[in-house]
Protein chains: 2
Amino acid sequence: MVDKLQDSYLAAHDQLYRILRMRIMYGEMSPGQAITLRGVAAEFGLSVTPVREALKRLAAEGALSISVTGRFQTPKLSNDRIEELASLRALIEVELATRALPRAHMALVERLQTINNAISVAVAKADAVTYIRTNLEFHRTLYLRAQAPAMLATVETVWLQMGPTMRALYGRLQRKDPPVNHRLILAALKAGDEPGLRVALRADVTQGLRMLAQ
Amino acid sequence: MVDKLQDSYLAAHDQLYRILRMRIMYGEMSPGQAITLRGVAAEFGLSVTPVREALKRLAAEGALSISVTGRFQTPKLSNDRIEELASLRALIEVELATRALPRAHMALVERLQTINNAISVAVAKADAVTYIRTNLEFHRTLYLRAQAPAMLATVETVWLQMGPTMRALYGRLQRKDPPVNHRLILAALKAGDEPGLRVALRADVTQGLRMLAQ
DNA sequence: CATATGTGTTTGTGATCACATTTCTACAGG
DNA sequence: CCTGTAGAAATGTGATCACAAACACATATG
């Protein structure tokens, strides 16, 4: 037990929430993994009170599921649920990208290209966690330009719910190529091509989920 | 202090969450209204522990906002935020209605008509809370047919965030007529007219928010 | 009249405890 | 080898307490 929390101005439960949220969203946990109050409390040197708050908050956002007896675990998503979440991503992210397009200047495109290179590196190294994290960073960087915090927050909770499943998925499909759709997105942004942007984004969000329905 | 909670199989914090959630979603609280742990605890005859859980859960869903010093209050939405949430409603609810359309048989349409009559009664009586509740019941009844629980849950959190503002809005616009768009929705459902359904639904969700931008 | 100042009260936070229930683990019987 | 069962361990829940920070309001000061 090491104190992994800084004694900053943030409350302990809040720091803990952020740490666990990243673990889940970026695929550092597998689906169905159990989490206990006293286990987390021991790991971070806390009592159960702030841990309970952090876990309940994550559960409220769908990042954790609670069994009928109150136990916490990362969600195991059904195929139907995955299809639904992918549709939600497509709906909201297409809208976010559309709103970002008029404000997407060259500096933004360059930053996206830099992130995209990092994604390629992660793919080459078969580093699932880094891949998921940088991929989401690509999307978030674009959507921040949309100036639509509520939409961004909503889509982030969708990412959160898919985190553990994304990890499991990545291991199954073993992708070798850097994301082709990201290049299409960048091209559409440069050209100011809204229809092209929407198509490319929808494809990027939906791909990878097909091999699941098998 | 009366014990408003049944000693059922549900945990106290869970019952409390549901009660407060309904209060907020159905416009029984005004925007900016303060809520305290000990206040709610006293009202329901509980200690602060389960109250904290319920309030934090509501805050995680956007039903309450937390000040920098940790105080709870119902959210006061900016015009930009309202526009965003209305767009989210339109995006997701159009999709839900589209998915429900193939499964919408006569029995469902009749139930929707019954609910619609209740809405008219609430409008005639100028009963804001009943109007909001039955109006959302109309939408929820339709969307349940879509068999898309994740999408429904997402749009319900949007409703939740708009609850207090809806109440304030209703008082400002003083509507006299029963919802015309609901009739268009019902007609499109009967005719199996998907484009018409999408247009009517988008109009229903977006109307009322226009008088806000003034 | 406006603006600090001070003080008592209120508020959220985290730790600790008791309790009921669930889950795990041997061990027995078939 | 499988199954059921008794005891032990682990788990979430809610109450209570101490504490520091924030707040409200009356009073003093310019």
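All values derive from a computational prediction rather than experimental measurement.
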Rounded to the Å, how far apart are [X] [atom1] and [N] [atom2]?
| X | N | atom1 | atom2 | result |
| --- | --- | --- | --- | --- |
| B:Leu46 | D:dT16 | CG | P | 11 Å |
| B:Arg38 | D:dA18 | CZ | P | 12 Å |
| A:Lys56 | D:dG12 | NZ | C1' | 8 Å |
| A:Ile66 | D:dT11 | CD1 | C1' | 13 Å |
| A:Arg71 | D:dT13 | CZ | C1' | 12 Å |
| B:Leu37 | C:dG12 | CG | P | 4 Å |
| B:Leu16 | D:dT13 | CG | P | 14 Å |
| A:Leu10 | D:dA21 | CG | P | 15 Å |

**Q.** First of B:Ser67 and A:Thr69 reached from the 5' end of DNA chain D, by closest nucleotide
**A.** A:Thr69
Q.
Given C:dG14, C:dT10, D:dG12, identify the nucleotide with an atom nearest to the side chain of A:Thr36.
A.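 Of the candidates, D:dG12 comes closest.
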Q. Looking at the side chain of A:Pro50, which of C:dT22, C:dA15, D:dA15 is the nearest nucleotide?
A. C:dA15
Q: Establish, from distance only, whether the side-chain atoms of A:Glu61 and A:Tyr17 form a donor-acceptor pair under 3.5 Å.
A: yes
Q) Is there a donor in the side chain of A:Glu83 and an acceptor in the side chain of A:Ser87, or the other way round, less than 3.5 Å apart? A) yes
**Q.** A:Phe138 and A:His182 aromatic ring geometry - parallel, tilted or perpendicular at 30°/60° bounds
**A.** parallel
Q) Would you say the side chain of B:Arg52 and the base of C:dG14 hold a donor-acceptor pair, judged only by whether the two atoms sit under 3.5 Å apart? A) yes
Q) Looking at B:Thr49, does any N or O in its side chain come under 4.0 Å of the phosphate oxygens OP1/OP2 on D:dG14? A) no
Q. Considering residues, nucleotides and ligands other than B:Arg202, do more than 12 of their heavy atoms fall under 6.0 Å from its CZ?
A. no
Q. Are the side chain of A:Ser30 and the backbone N or O of A:Gln33 linked by a donor-acceptor pair below 3.5 Å?
A.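 No; zero donor-acceptor contacts below 3.5 Å.
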Q) Looking across every strand, which nucleic acid part, if any, lies under 4.0 Å from A:Leu55 by heavy atom: base, sugar-phosphate, or nothing? A) nothing
